[in-house]
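Below is one structure; the comments refer to it alone.
Values in this document were obtained by computation on a predicted structure and should not be read as measured data.
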Amino acid sequence: MKRQSFLTGAVILMIANAISKILGAVFKIPLTYILNEEGMAVFNIAFEVYIMFLSFIISGLPFAISKLIAESNSRCEYGRVYKTVQVSTVLLIIIGIAGSIALYFGAPFFALAMKEEKAVYAIRMVAPSIFFVALGTGYKSYYQGISNMIPTAVSQVVEAAVKLAAGYYLAVLLIKFGVEKTAGGAIMGVTAGEIVATAILLLMYVFEKKKPYLRSEQIGNAEILKELLAIAMPLLCASVVSNAVNIADTTLVRTRLLDGGFSADEARFLYGAYTGYALTVFHLPVGILATLGVSILPVIAGAVAVDNIKKARTATDIGIRLAVMLSLPCGVIMYTMSGEILSVLFGNTSSAQMLSVVAPCVVMMCVSQITSAILQSSGKIMLPFFYALIGSAIKIAMEWYLVALPDINIYGSAISSNIAYIVVMILNLRAIRKNLCLKQNIMAIIIKPALAAMLMLAVIYLLKTPLSAQIGGIMYLGVISVVSGAAYIMALFLTNAVSVGEVKKILKG
């Protein structure tokens, strides 16, 4: 079983995620020209329903599988590792078949619940993905549990490439049949991508040279299933509540836009612009940095399983610092260069201000992701959910008031996200300090990276005006990003937020 260090695994997944996100952006750029705001609203609603439904039925199982495998692998209980894969695969196949059927025939209900009747066809076209995602989840979780992120990375990149090719081809093929069919064709690319990705994971697992079962291990299917469900069921219940809150959140935003005096078409336009353009860019770094949580899970869970608390604390400290230091420059670039980013990617700057407003949230969300993963990996399964629920309550309460104000409208959702994730981040950090007895170095984690980000911000503002007169487009954006990024990295070393010796130590694993 090939294993990588936390940082190596994180780098592999970040590179794969970056490629996948770029391919996703390449997919959405021409798609926005084909679908426009109305079609993007239909596409995004169908995709949101798919993601929410998927998390309803398999949420908790990927984490449970990876956690059990990481713990068993750390104790060299290889028979238990492979038995976990077998049991979880059978369970996921049953769930996947039931889920695809339910989503296909329940498409009208879900479209109505999301206030978008035109999304029925698109939801049905993505329904088969449920089965293939479920099937692939067991194998992906196995590899993540043994700290081998290469199969996940390979399948992820191939999935994105297939989604791009198939989705764009089908969207163009069906464009003459109207917005509903065009959005449905585009989202069928997701199904095609999942089929190929799952096939890759399955083949890798089948042809892998595995360690033999230990004869002394007498492990029953019922025992493994009980352990899986003991972890997964609380997370599943949490996911049901969390996704119900997300549905309510989406419905609330669209409803309060109407209450604010906007017509149905105007509300659809604002929502489509925000989710289709601003949030597409926003979720690029968030999705890429989510890999830190995936990579840290087997490290923390394995360390706790063998009572190596020192290793767990070291990984926790590195994980949080990386989340802050990597997300800060992303937030700065999105805040200061929102118009340029959207112009290069979509040729449309109508949502530039929306992106600027939501940009700071990238830091809080990334830190919340890694801290939630740390808490759950160390055994505090439900605690991050309760904190997220508090954040959601704050977000919904603020949205109810702000979105209905005509002068604020959709910006109320961005403002609410910033406030909510600040609260969640603080609660998670306090819980880590208490449960892992890890005293966070505020100077190293927050203040020094913040000073480096301020220098980056100053460099961008100094360069923007003179450079805009000389170059434009992607070259302009690239030069400013590279120069300001270099200033940020230099400031991190000058302030000793990170040292050369520390980098060498981390690279050695």
Side-chain angles (χ1 to χ4, degrees), residues 17 20-21 23-32 34-59 99-100 102-104 106-134 156 159-160 162-171 174 179-195 197 239 242-251 253-254 268 271-284 286-287 290 345-346 351 413:
N17 246 347
S20 300
K21 295 294 182 181
L23 290 174
V26 171
F27 172 54
K28 277 200 170 183
I29 291 168
L31 198 62
T32 56
I34 297 171
L35 297 178
N36 298 315
E37 282 79 5
E38 182 183 4
M40 287 304 296
V42 174
F43 178 91
N44 286 317
I45 287 293
F47 193 74
E48 284 178 22
V49 169
Y50 160 67
I51 293 298
M52 284 187 259
F53 191 81
L54 182 65
S55 61
F56 274 140
I57 65 171
I58 69 168
S59 184
S100 287
L103 184 58
Y104 184 89
F109 168 78
F110 291 112
L112 183 63
M114 298 293 282
K115 308 288 186 183
E116 187 53 82
E117 66 280 355
K118 292 184 178 182
V120 174
Y121 181 78
I123 293 172
R124 282 181 169 163
M125 291 303 98
V126 79
S129 292
I130 299 290
F131 168 74
F132 293 103
V133 172
Q156 198 169 312
E159 175 196 333
V162 173
K163 172 186 170 183
L164 166 63
Y168 183 68
Y169 172 77
L170 292 170
L174 298 176
V179 169
E180 295 176 51
K181 295 294 190 295
T182 307
I187 208 165
M188 281 177 68
V190 175
T191 300
E194 294 296 350
I195 292 172
S239 178
S242 178
N243 282 286
V245 170
N246 288 337
I247 292 173
D249 181 38
T250 300
T251 304
V253 170
R254 293 170 69 89
R268 184 179 286 118
Y271 184 80
Y274 181 58
T275 59
Y277 297 102
L279 289 188
T280 295
V281 175
F282 174 82
H283 284 127
L284 284 172
V286 172
L345 292 179
F346 304 109
S351 57
S413 182

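- T280 approaches T275 most closely through the heavy-atom pair OG1-O, 3.4 Å.
- Residue A111 comes nearest to I123 through the heavy atom pair N-CD1, 4.0 Å, listed as atom of the first residue, atom of the second, then distance.
- For the ring pair (Phe, Tyr, Trp, His ring centres under 6.0 Å) criterion with F110, the lone passing option out of Y104, Y50, F47, F53 is F53.
- Listed by chain and number, the residues in a ring pair (Phe, Tyr, Trp, His ring centres under 6.0 Å) with Y271 amount to none (sequence neighbours excluded).
- T191 meets the side-chain hydrogen bond (donor to acceptor under 3.5 Å, both in side chains) test with S129; sequence neighbours excluded.
- Between A127 and S100 the shortest heavy-atom distance is O-OG, 2.9 Å.
- Atoms CG and OH, from N44 and Y277 in turn, are 10.0 Å apart once rounded to the nearest 0.5 Å.
- Evaluation of the side chain to side chain contact (heavy atoms under 4.5 Å, CB included) rule for A278 yields Y274, S351, M354, L355 as partners, not counting sequence neighbours.
- Here the closest heavy-atom approach between residue A160 and residue L23 is recorded as CB-CD1, 3.8 Å.
- Counting heavy atoms from C-beta outward, V162 and I195 have side chains that stay 4.5 Å or more apart.
- Note that CE of M125 is 8.5 Å distant from NZ of K181, once rounded to the nearest 0.5 Å.
- Closest of all the heavy-atom pairs between F43 and A183 is CD1-O, 4.0 Å.
- One finds the CZ atom of R254 at 5.0 Å from the CD1 atom of I45 (value rounded to the nearest 0.5 Å).
- Nearest heavy atom pair, residue I187 against residue A122, reads CG2-O, 3.2 Å.
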